[in-house]
There are 2 protein chains.
Amino acid sequence: MSRLQIVIPLYPAVTHLDFTGPHQVLSRLPDTDVLVASMGGADVEAEGLTFTGLADLAKVERCDLLCVPGGFGATDAMLDEAFMDEIRRLGGGARYLTSVCTGSLILAAAGFLTGKRAACHWAWRDLLRPFGAIVDEGRVVRDGDVITGGGVTAGLDFAFVVAAELAGESFAQAIQLGLEYAPSPPFQSGRPELASPEVLAVVKARLSPAVETRVAAAQAAADRLNAVS
Amino acid sequence: MSRLQIVIPLYPAVTHLDFTGPHQVLSRLPDTDVLVASMGGADVEAEGLTFTGLADLAKVERCDLLCVPGGFGATDAMLDEAFMDEIRRLGGGARYLTSVCTGSLILAAAGFLTGKRAACHWAWRDLLRPFGAIVDEGRVVRDGDVITGGGVTAGLDFAFVVAAELAGESFAQAIQLGLEYAPSPPFQSGRPELASPEVLAVVKARLSPAVETRVAAAQAAADRLNAVS
């Protein structure tokens with residue numbers, strides 16, 4: 001039997017936990033290879049950590065599951081035509097299209113989420129709309145073979161959903177036990193509706209300088225998508 | 001005011017999520033540098049991901065908080081005298097001594113946990129005993145300025161406890177919201193007492209080939225520690 005191939009495409013200024021969490025889970029699946037790739041196989045700097053030894057995305061022949069992480073660089077990435085060509089090529093042949101955080105914007109810009117329900121980081125999920133995706137506030141959202149996770153740490157819950165789909169729930173539970181995934185946050189402020197108004201205001205203020213640029217980038221990417229379709 | 005310095009020492013076959021989770025949280029603290037280092041600044045391979053651009057551990061002058069990740073390589077690391085010299089040197093000058101997963105074995109081998117309560121990955125926590133540490137089954141355990149987390153994903157809960165200690169709970173909550181840390185595992189098998197007997201048996205069987213070697217390594221490291229003290 002051939003091995004299952006999972007491909008994680010990286011780009012500059014990706015958020016590292018968006019993919020290190022899923023990688024730690026999915027790389028423990030049986031008969032599965034998890035390939036982490038970038039344009040030209042170049043090293044990728046991701047919020048203070050640098051990843052090397054990456055595969056060249058253009059030389060990856062195919063994959064069964066494409067898992068696109070998010071990050072501050074996601075909006076630049078979705079306007080990078082060479083990168084998006086590879087996303088469209090690999091995604092077009094994949095059984096499963098998946099993402100974590102703002103990685104769903106990249107899937108959307110590739111045309112894979114039109115008419116599909118999808119998750120995204122809470123602060124950026126409205127950017128899915130110009131692409132015709134249906135915004136879903138769920139932490140892990142499944143629409144057929146499209147499985148998307150919410151912001152950053154949702155990648156862990158996402159990864160266990162994917163692991164159960166690929167290898168069965170019992171196998172996924174064994175990985176969960178091995179990684180001791182019984183989360184217990186010391187406080188509860190991980191969603192806008194849980195956070196205090198003060199904390200929400202601080203985070204929104206911190207993100208606000210990026211809003212205009214990202215809205216414009218999403219619109220530009222949506223215009224390109226709609227021009228070809 | 002001088003900036004707070006957090007140092008994360010890596011070694012071969014570290015478990016990447018043990019430190020990428022904490023790094024993603026702690027690198028968002030104000031006036032804080034998170035330095036990821038290895039012996040000679042060499043690239044480190046960690047369960048399928050390779051990290052580059054690391055600081056040379058021997059050239060790191062000091063730190064305020066030492067955060068030691070765990071992994072399959074932890075038992076080799078605690079018998080590597082050159083590595084342990086740096087752990088003892090940096091830890092000796094640190095305000096906070098911290099670890100995730102089997103990283104506490106390295107702190108213990110350095111003599112930092114004698115008489116202290118500490119967490120560890122559930123499968124390996126008994127290895128703390130020869131060092132005179134007091135095994136604690138908590139997910140995040142604090143004993144004075146020693147803060148230790150349980151297995152792998154406990155590193156996230158650990159990191160938010162540390163973030164609140166260093167920057168206040170409100171700031172830590174803002175980071176939690178930014179990283180959307182409102183975990184929701186699709187099934188509950190993340191601790192031995194939660195897992196089914198079948199899943200527990202599978203994981204124990206998978207770990208069993210390593211038990212004899214790790215018990216011997218911990219005993220050898222404890223003998224060295226007891227010989228000097």
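Per chain, numbering begins at 1; letters A, B, ... match sequence-line order. Computed from heavy atoms alone, side chains included, the values below leave out hydrogens, waters and symmetry copies. It should be emphasised that the depicted structure is a prediction, and the values quoted were computed from it without experimental measurement.
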- Partner chain B: residue of Ala154(A), Ser196(A), Ala172(A), Ser27(A) with the largest heavy-atom pair count (under 4.5 Å): Ala172(A)
- Message: Under 3.5 Å, is there a donor on one side chain and an acceptor on the other for Thr148(A) and Arg139(A)?
- Response: no
- Which of parallel (below 30°), tilted (30 to 60°) and perpendicular (above 60°) describes Phe83(B) and Tyr11(B)? perpendicular
- Item | Interatomic spacing from CG in Leu107(A) to CD1 in Ile87(A) - rounded to 0.5 Å | 7.5 Å
- Query: Who among Cys101(A), Gly178(A), Ala164(A) has the most heavy-atom pairs with chain B under 4.5 Å?
  - Reply: Gly178(A)
- How many angstroms lie between OG1 in Thr98(A) and CD in Glu165(A), if you round to the nearest 0.5 Å? 11.5 Å
- How far does CD of Gln176(B) sit from CD of Glu169(B), to the nearest 0.5 angstrom? 9.0 Å
- Residue Ala123(B) versus chain A: region with a heavy atom under 4.5 Å: neither
- Query: Is the CD atom of Glu61(A) crowded by more than 12 outside heavy atoms at less than 6.0 Å?
  - Reply: no
- Is the closest basic N to carboxylate O distance between Asp64(A) and Arg95(A) below 4.0 Å? no
- Query: How far apart are the closest heavy atoms of Leu194(B) and Ala182(A), and which atoms are they?
  - Reply: CD1-CB, 4.3 Å
- With rounding to the nearest 0.5 Å, note down the distance linking CG in Leu4(A) to CD1 in Ile6(A). 5.5 Å
- Task: Compare every heavy atom of Ala37(B) with every heavy atom of Val60(B), then report the nearest pair and how far apart it is.
- Result: CG2-CB, 4.3 Å
- Message: Using a 4.5 angstrom heavy-atom cutoff, name the option from Gly21(B), Pro183(B), Pro186(B) with the most pairs to chain A.
- Response: Pro183(B)
- Note on the structure: Nearest heavy-atom approach of Gly138(A) to Ala119(A) is O-CB, 3.6 Å
- Item | Heavy-atom closest contact (Ile147(B) atom, Tyr96(B) atom, distance) | CD1-CD2, 4.4 Å
- Side chain, backbone, both or neither: which part of Leu156(A) has a non-hydrogen atom closer than 4.5 Å to chain B? side chain
- In terms of heavy-atom pairs under 4.5 Å with chain B, the winner among Leu179(A), Val152(A), Val161(A) is Leu179(A)
- Per-residue contacts, residues 44-59 of chain A versus chain B, heavy atoms under 4.5 Å: Glu47(A), Gly48(A), Leu49(A), Thr50(A), Phe51(A), Thr52(A)
- With a 4.5 Å cut-off on heavy-atom pairs, point out which of Leu17(B), Thr15(B), Val203(B) contacts chain A the most. Leu17(B)
- Supply the atom-to-atom distance Gln5(A) CD to Leu90(A) CG, rounded to the nearest 0.5 angstrom. 9.0 Å
- Query: Taking every heavy-atom pair that is under 4.5 Å apart, which of Arg28(B), Arg191(B), His121(B) has the most such pairs with chain A?
  - Reply: His121(B)
- Message: Out of Phe160(A), Trp122(A), Phe187(A), return the one with the most heavy atom pairs under 4.5 angstrom to chain B.
- Response: Phe187(A)
- In terms of heavy-atom contacts, Thr32(B) and Leu26(B) come closest through CG2-O, 4.2 Å
- Do any of residues 205-215 of chain A have a heavy atom less than 4.5 Å from a heavy atom of chain B, and if so, which, in residue order? Arg206(A)
- Query: Atom CD1 of Ile106(A) and atom CG of Leu113(A): how far apart are they, to the nearest 0.5 Å?
  - Reply: 11.0 Å
- Message: Between Val199(A), Val36(A), Leu177(A), who has the most heavy-atom pairs with chain B when the cutoff is under 4.5 Å?
- Response: Leu177(A)
- Under a 4.5 Å heavy-atom cut-off, does chain B meet the side chain of Phe171(A), its backbone, both or neither? side chain
- Item | Heavy-atom pair count under 4.5 Å with chain A, highest-scoring of Ala159(B), Ser170(B), Ser184(B) | Ser184(B)
